Amino acid sequence: MKVSSYAAIVIGSKNMLMKVYEITDKKIRTLDEIRYEYELGKEAYITRKITFTHIEKICEVLSEFQLKLKEYGVDVYKCYATSAIRNAKNQVSVLNQIKIRTGIDVIMLSNSELRFLMYKGIQILDLDFNGIIEKNTAILDIGAGSVQVSLFDKQALYVTQNLDIGTVKVRELLESVENNVLDYISVMEEYIQYEFDMFKSVYLKEKEIKNVIAIGDEIKNINRLVPELHLTDTMNYEQVQYIFRKIRKSSYKDLAIKYGLSIEDARMTLPSLLIYKTFLERSKADTIYICATNLCDGSVVDYAEEEKKIPMSHDFYQDIVASAKYIGKRYRYNKVHAQYITKLALEIFDKTKTFHGLGKRDRLVLEIASILHDIGKYVNLNDPGKNAYQLIMSTEIMGLSHTEREEVANVVLYNTQELPDTDELDTAFWRMEYLKIAKLTAILRLANALDRGHKQKFEKSSMTRKGKNLIITLETNQDITLENNRFRKKAEMFAEFTGITPILKQKKVL
């Protein structure tokens, strides 16, 4: 049995956490968990700066973590920063200081990447995840700065949305009103209800949620408050109400002492409980599944998946694709046309990958761009590329980084517009991403040309590469003059950026 080790470090809003794992060919096992508590988030969300004192402490703790990694003989690890540092105005300086002092390259996750890794952490648990998400299910990920709600039905992710009601923000508002308002809990409930009601009116409408999967440290801390309930994997609304009545008048200092919580965790119990309680009331869900996973767990699952260390019971790649399809549906895309173009674009990508030199994540960017390439027409038939660009940049796509989302948006934009000349590349993004976007755009344009009239004129197609030619053969008896004309125009750009000349042939069907 092959055994490997891995570690993940998170510089979070409430604490710094390191977990060390052992990975075999069948499972992932936690060997150690080390946590350092602080109040980085409180400072960062108010001042939007990380002070020198906190930078010093972060570097000191990271150095201690490095010594522990040597003890375990761990060579492979990743270190992440979350919203506290991401939202800080001096984040570049903070990350530079960490690199200089510890040698650690900190990965700055976008919100969609962070939430996707948190969600992946469910894989580490003994939970029938695929069975649960057969029915309408919400994954509720409560963070310090925000709450992520991801909705599943029939095992497909169909929407994910970030709500601006994280525990630190709720706690700060709670402390600002509790000395001035007689029933400050009702004020807080009204504040949270508004956010969930807006979410429900846009995304849920009349649909009822059957299950809630609660992930993160907050659900674990709430569970510790009620040992008398003997909760294991689930809790229901009545139990949430029981916990709420039990702690609503308790100070966080009393909770910390009585239940062995850190002061910072104790401060967040009431805000997080209010969020769970309100979501259950608004969604009418039956059951909460207690999944005390965290970003470290998601990181090790991501590593094990990438390195093919263990078999995965759930296809996370398809969740990203499903999320894009929901966005397309929301903006009334032509589903048949989008599927048609996506299939062609991916086949062209695969047949020419030795020439364009792009990788697996670039293929995903192309797939998402192909699905969403026409959504701008929902806004206006004029300038669909510009309209689609704005829609994509304004919409979170779970599992994509901000840079990847910007790549998708630009591929869609330049599917209908001329690419800028290289002497016009005035931003760092464009200087780094120009060739990639140009190649992906060339592929999308070529695929799109084959269905110019949105009539899907051929049922079968084949592609073969002969030398520096890509022979695309379409089996159809229909007139493809329009497609042929468009194809020749798009072939020039494709040849320029890939070194491959595409040739279109028609094969009559007997």
Side-chain angles (χ1 to χ4, degrees), residues 337-374 376 384-386 388-389 392 404 406-425 430-458 460-476 480-507:
H337 172 68
Q339 290 175 336
Y340 201 68
I341 296 308
T342 301
K343 180 178 180 296
L344 287 167
L346 295 181
E347 192 172 356
I348 293 169
F349 182 99
D350 294 339
K351 290 291 185 182
T352 58
K353 60 185 177 183
T354 56
F355 286 82
H356 57 60
L358 300 175
K360 184 179 177 181
R361 293 296 294 189
D362 303 321
R363 189 181 189 274
L364 175 61
V365 167
L366 175 63
E367 186 169 3
I368 303 303
S370 300
I371 293 167
L372 300 179
H373 76 279
D374 259 356
K386 282 185 180 179
Y389 177 91
I392 292 166
E404 288 171 329
E406 196 167 357
E407 289 169 359
V408 170
N410 276 286
V411 171
V412 170
L413 172 64
Y414 292 108
N415 176 52
T416 56
Q417 294 194 13
E418 288 301 315
L419 276 164
D421 293 329
T422 52
D423 60 359
E424 297 174 4
L425 307 181
W430 268 110
R431 286 192 291 273
M432 292 178 63
E433 306 295 330
Y434 181 80
L435 276 177
K436 181 192 297 185
I437 290 170
K439 291 175 182 179
L440 294 176
T441 300
I443 294 172
L444 179 57
R445 285 185 181 185
L446 198 66
N448 209 9
L450 297 176
D451 193 31
R452 183 67 184 89
H454 290 212
K455 292 183 178 180
Q456 298 83 52
K457 292 181 180 178
F458 57 93
K460 290 185 179 180
S461 66
S462 61
M463 298 184 194
T464 56
R465 190 164 51 80
K466 293 184 179 180
K468 292 190 176 181
N469 293 330
L470 177 67
I471 313 298
I472 301 177
T473 304
L474 309 182
E475 293 188 20
T476 180
I480 61 168
T481 302
L482 184 62
E483 286 74 19
N484 225 329
N485 182 56
R486 195 76 175 174
F487 184 87
R488 283 197 302 271
K489 292 179 180 178
K490 304 305 178 185
E492 291 181 17
M493 180 184 177
F494 184 86
E496 177 186 351
F497 286 105
T498 65
I500 293 285
T501 301
I503 298 170
L504 182 60
K505 292 186 176 181
Q506 180 177 3
K507 181 180 179 181

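The structure presented is a predicted model; accordingly, all values stated were derived computationally and were not measured. Side-chain atoms are counted along with the backbone in the values below, which use heavy atoms only and exclude waters and symmetry mates.
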Exercise. Could you tell me which non-hydrogen atom of Glu418 sits nearest to which non-hydrogen atom of Arg445, and how far apart they are?
Key: CA-NH2, 4.1 Å

Quiz item: What pair of heavy atoms forms the shortest contact from Thr342 to Ser370, and how long is it?
Solution: OG1-CB, 3.4 Å

Exercise. Hey, could you give me the OH/CG distance between Tyr389 and Asn415, rounded to the nearest 0.5 Å?
Key: 15.5 Å

Self-check item: Rounded distance (nearest 0.5 Å) linking atom CE of Met463 with atom OG1 of Thr473
Solution: 9.5 Å

Taking only distance into account, with no hydrogens and no angle test, what donor-acceptor pairs under 3.5 Å do side-chain atoms of residues 484-498 form with protein atoms, sequence neighbours excluded?
| from | atom 1 | to | atom 2 | distance (Å) |
| --- | --- | --- | --- | --- |
| Thr498 | OG1 | Phe494 | O | 2.6 |
| Thr498 | OG1 | Ile500 | N | 3.2 |

Practice problem: Apply the test side chain to side chain contact (heavy atoms under 4.5 Å, CB included) to residues His337 and His373: give CA-CA distance (whole Å), side-chain angles for both, the deciding distance (0.1 Å), then the verdict. | Solution: CA-CA 10 Å; His337 172 68; His373 76 279; 3.1 Å; yes

Exercise. Can you see which heavy atom on Thr416 is nearest to which on Gly385, and at what distance?
Key: OG1-CA, 3.6 Å

Self-check item: Inter-residue atom distance Ile472.CD1 - Lys351.NZ, 0.5 Å rounding
Solution: 11.0 Å

Practice problem: Report the distance from atom CD of Gln417 to atom NZ of Lys386, rounding to the nearest 0.5 Å. | Solution: 5.5 Å

Quiz prompt | Donor-acceptor contact present, side-chain Thr476 to main-chain Lys457, <3.5 Å | solution = yes

Quiz item: Hey, does the side chain of Arg363 reach the backbone of Leu358 with a donor-acceptor pair shorter than 3.5 angstrom?
Solution: no

Quiz item: Looking at Leu450 and Phe458, what are the two nearest heavy atoms and their distance?
Solution: O-CE2, 3.6 Å

Exercise. Given side chain to side chain contact (heavy atoms under 4.5 Å, CB included), test Ser461 with Glu347 step by step and report yes or no.
Key: CA-CA 10 Å; Ser461 66; Glu347 192 172 356; 4.1 Å; yes

Quiz prompt | Which atom of Ala369 lies closest to which atom of Val411, heavy atoms considered | solution = CB-CG1, 3.8 Å

Quiz prompt | Partner of Val412 under side chain to side chain contact (heavy atoms under 4.5 Å, CB included), chosen from Leu440, Asp374, Ile371, Ile392 | solution = Ile392

Exercise. Drop me the distance from Ile471's CD1 to Lys505's NZ, to the nearest 0.5 angstrom.
Key: 5.0 Å

Quiz item: Within the side chain of Asn410, is there an N or O that forms a donor-acceptor pair under 3.5 Å with the backbone of Glu406?
Solution: yes

Exercise. Please name the pair of heavy atoms, one in Phe349 and one in Ile443, separated by the smallest distance, quoted to 0.1 Å.
Key: CD1-CD1, 4.0 Å

Quiz item: Could you state the interatomic distance from CD1 (Ile341) to CG (Leu444), rounded to the nearest 0.5 Å?
Solution: 7.5 Å

